[in-house]
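Below: one structure, written as structure tokens.
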2 protein chains.
Amino acid sequence: MLTIGALGKKTGTKVQTVRYYEQIGLMPEPGRTEGGQRRYGDAELDRLSFIRHARQLGFPLEAIRELLDLSDNPDCSCAEADSIARRQLKQVEQRMARLEALRTELQRMVHECSGGNTSECRVLEVLRDHSECLTNHEEIGA
Amino acid sequence: MLTIGALGKKTGTKVQTVRYYEQIGLMPEPGRTEGGQRRYGDAELDRLSFIRHARQLGFPLEAIRELLDLSDNPDCSCAEADSIARRQLKQVEQRMARLEALRTELQRMVHECSGGNTSECRVLEVLRDHSECLTNHEEIGA
DNA sequence: TGTACATGCTCTAGCAGCTAGAGGTTCAAT
DNA sequence: ATTGAACCTCTAGCTGCTAGAGCATGTACA
């Protein structure tokens, strides 16, 4: 039986995060000691490992919830899990493409900066005038 | 003189967002009509364009605050603006490297999935067992 | 001049996915 | 019995917005 701290250590999860997962229903309510402390077994360890691994791959918690459901029903078709993964892959590819464009623009800004004072700083100039940009980087935040 | 809605339209910013920028001190308090509605001039238009452009390039609001300060003092050395841009470039490059690793892993998951039921789904298997991963993707969220 | 109605106002709460802290309790070792 | 680390709950905060309630203003048209 593991304490919440031990569970956290084994999975690389902060204690608060484990409790948070419980709160939003991603982790089950565990057993408790007489004094009210959480104790975890192997099933919970596996589940949390699954969650953390999926998080490392960038899956949002809602997708992980679905994946856990699928994983709990071994007779379901795996098509759905596959489509969740494909969706995630697509997102990653989109973000990469966007970052690529940003990198190009930032490199250009930085390389052209000659080091005078701010009145002739290329970095600030480019920010002031969007038309100086070569690439499209319309959407914010992706 | 522009209403907040017109300003938003010109810069691709939602009205709420403009007010938010004012609230956190990134945009100045504008003049008001007798009835209390905000009215903006060209200086504010330029400032908001600057902010939005920097956001599109992924700069966090705090960095933008610094860049605006620098931009307001044309005699300062541009070294600082340069270093902010370099920092941002570095972050973009780090994120790209991370996404690259994730993409590889997700591609592998997806390509190996043969389409049976979930008990033998590669997607779920990989998530269950981290040791199946080829790449390191330790940190979450980057 | 009246009236419709788009747009404006403030205030509060919510999103993801945690993280940190206050103030108090339990557990395990000595 | 006592210490001290680790646990408990609860609340609030982070980034960068976004949405909605409930009301006021501004403008165009008849």
Side-chain angles (χ1 to χ4, degrees), chain A residues 1-27 29-40 44 48 50-68 87-88 91 95 98 138-142, chain B residues 1-27 29-40 44 48 50-68 87-88 91 95 98 138-142:
Chain A
M1 284 301 190
L2 297 164
T3 65
I4 193 170
L7 182 72
K9 211 159 276 175
K10 282 205 177 220
T11 56
T13 317
K14 301 220 163 133
V15 165
Q16 304 279 35
T17 305
V18 179
R19 289 199 279 248
Y20 170 71
Y21 288 159
E22 180 184 329
Q23 190 188 306
I24 62 171
L26 215 56
M27 286 292 286
E29 291 189 20
R32 302 264 184 159
T33 63
E34 291 193 9
Q37 297 196 354
R38 291 167 178 82
R39 288 298 123 97
Y40 295 95
E44 284 104 329
L48 184 54
F50 185 107
I51 294 170
R52 294 310 279 179
H53 192 190
R55 285 295 295 133
Q56 283 163 0
L57 288 167
F59 288 93
L61 292 180
E62 277 320 298
I64 296 175
R65 203 188 289 275
E66 291 179 58
L67 289 168
L68 282 166
R87 210 188 308 149
Q88 176 64 14
Q91 276 232 350
R95 268 194 269 172
R98 222 182 99 62
E138 299 308 322
E139 316 91 50
I140 282 182
Chain B
M1 283 303 188
L2 298 165
T3 64
I4 194 170
L7 182 72
K9 212 158 276 175
K10 281 204 180 219
T11 57
T13 318
K14 302 221 162 135
V15 166
Q16 304 280 34
T17 305
V18 179
R19 289 199 279 247
Y20 171 71
Y21 289 159
E22 179 185 330
Q23 190 188 306
I24 63 171
L26 215 56
M27 286 292 286
E29 291 189 20
R32 301 265 186 160
T33 63
E34 291 194 9
Q37 297 195 354
R38 291 167 178 84
R39 288 298 123 96
Y40 295 94
E44 284 104 328
L48 185 53
F50 185 107
I51 294 171
R52 295 309 281 179
H53 191 190
R55 285 295 295 133
Q56 283 163 1
L57 287 167
F59 288 93
L61 292 180
E62 276 320 298
I64 295 174
R65 203 187 289 274
E66 291 179 58
L67 288 168
L68 282 166
R87 212 188 309 149
Q88 175 63 14
Q91 274 233 351
R95 269 194 266 172
R98 222 183 98 64
E138 298 309 322
E139 317 91 52
I140 281 183

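Because the structure is predicted, anything quoted here is derived from the model rather than measured. Every chain is numbered from 1 and lettered A, B, ... according to where its sequence line falls, protein lines coming before strand lines.
The distance from atom NZ of A:Lys14 to atom C1' of D:dC14 is 13 Å, rounded to the nearest whole Å. Atoms CG (A:Leu26) and P (C:dC18) sit 9 Å apart, rounded to a whole Å. Atom CE in B:Met1 sits roughly 18 Å away from atom C1' in D:dT27 (whole-Å rounding). A straight line from CG of B:Leu48 to P of D:dG16 spans 15 Å, rounded to a whole angstrom. Between B:Glu22 atom CD and D:dC17 atom C1' the separation is 15 Å, expressed in whole Å. Nucleotide D:dG26 holds its P atom 5 Å from the CD atom of B:Gln37, rounded to whole Å. The distance from atom CD1 of A:Ile4 to atom C1' of C:dT26 is 14 Å, rounded to the nearest whole Å.
The phosphate of C:dG17 has neither OP1 nor OP2 within less than 4.0 Å of any side-chain N or O from A:Arg65. Within the 4.0 Å cut-off from OP1 or OP2 of D:dT18, at least one side-chain nitrogen or oxygen of B:Thr17 is found. A sub-4.0 Å separation between OP1 or OP2 of D:dC7 and a side-chain N or O of A:Thr3 is present.
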Interface polar pairs with nucleotides 9-13 of chain D, N/O, under 3.5 angstrom:
unit_1	atom_1	unit_2	atom_2	d
D:dT9	OP1	A:Arg32	NH1	3.3
D:dT9	OP1	A:Arg32	NH2	3.2
D:dT9	OP2	A:Arg38	NH1	2.9
D:dT9	OP2	A:Arg38	NH2	3.0

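Picking from D:dG16, D:dC8, C:dG8 the nucleotide with the shortest atom distance to the side chain of B:Pro60 gives D:dG16. Considering only the side chain of B:Arg55, D:dG16 comes nearest among D:dC7, D:dG16, D:dT27. Comparing D:dG16, D:dT25, C:dC18 by their closest approach to the side chain of B:Tyr20 singles out D:dG16.
Across all strands shown, B:Phe59 has no heavy atoms under 4.0 Å from either base or sugar-phosphate atoms.
Both A:Gly58 and B:Tyr40 lie near DNA chain C, and the one whose nearest nucleotide falls closer to the 5' end is B:Tyr40. In terms of position along DNA chain C, the nucleotide closest to A:Glu62 lies nearer the 5' end than the nucleotide closest to the other residue of the pair A:Glu34 and A:Glu62.
Taking 4.0 Å as the cut-off between side-chain N and carboxylate O, A:Arg65 and A:Glu62 count as a salt-bridged pair.
Comparing the local axis fitted to the first five base pairs of the helix from C:dT1-D:dA30 to C:dT30-D:dA1 with the one fitted to its last five gives a bend of 10°, rounded to 10°.
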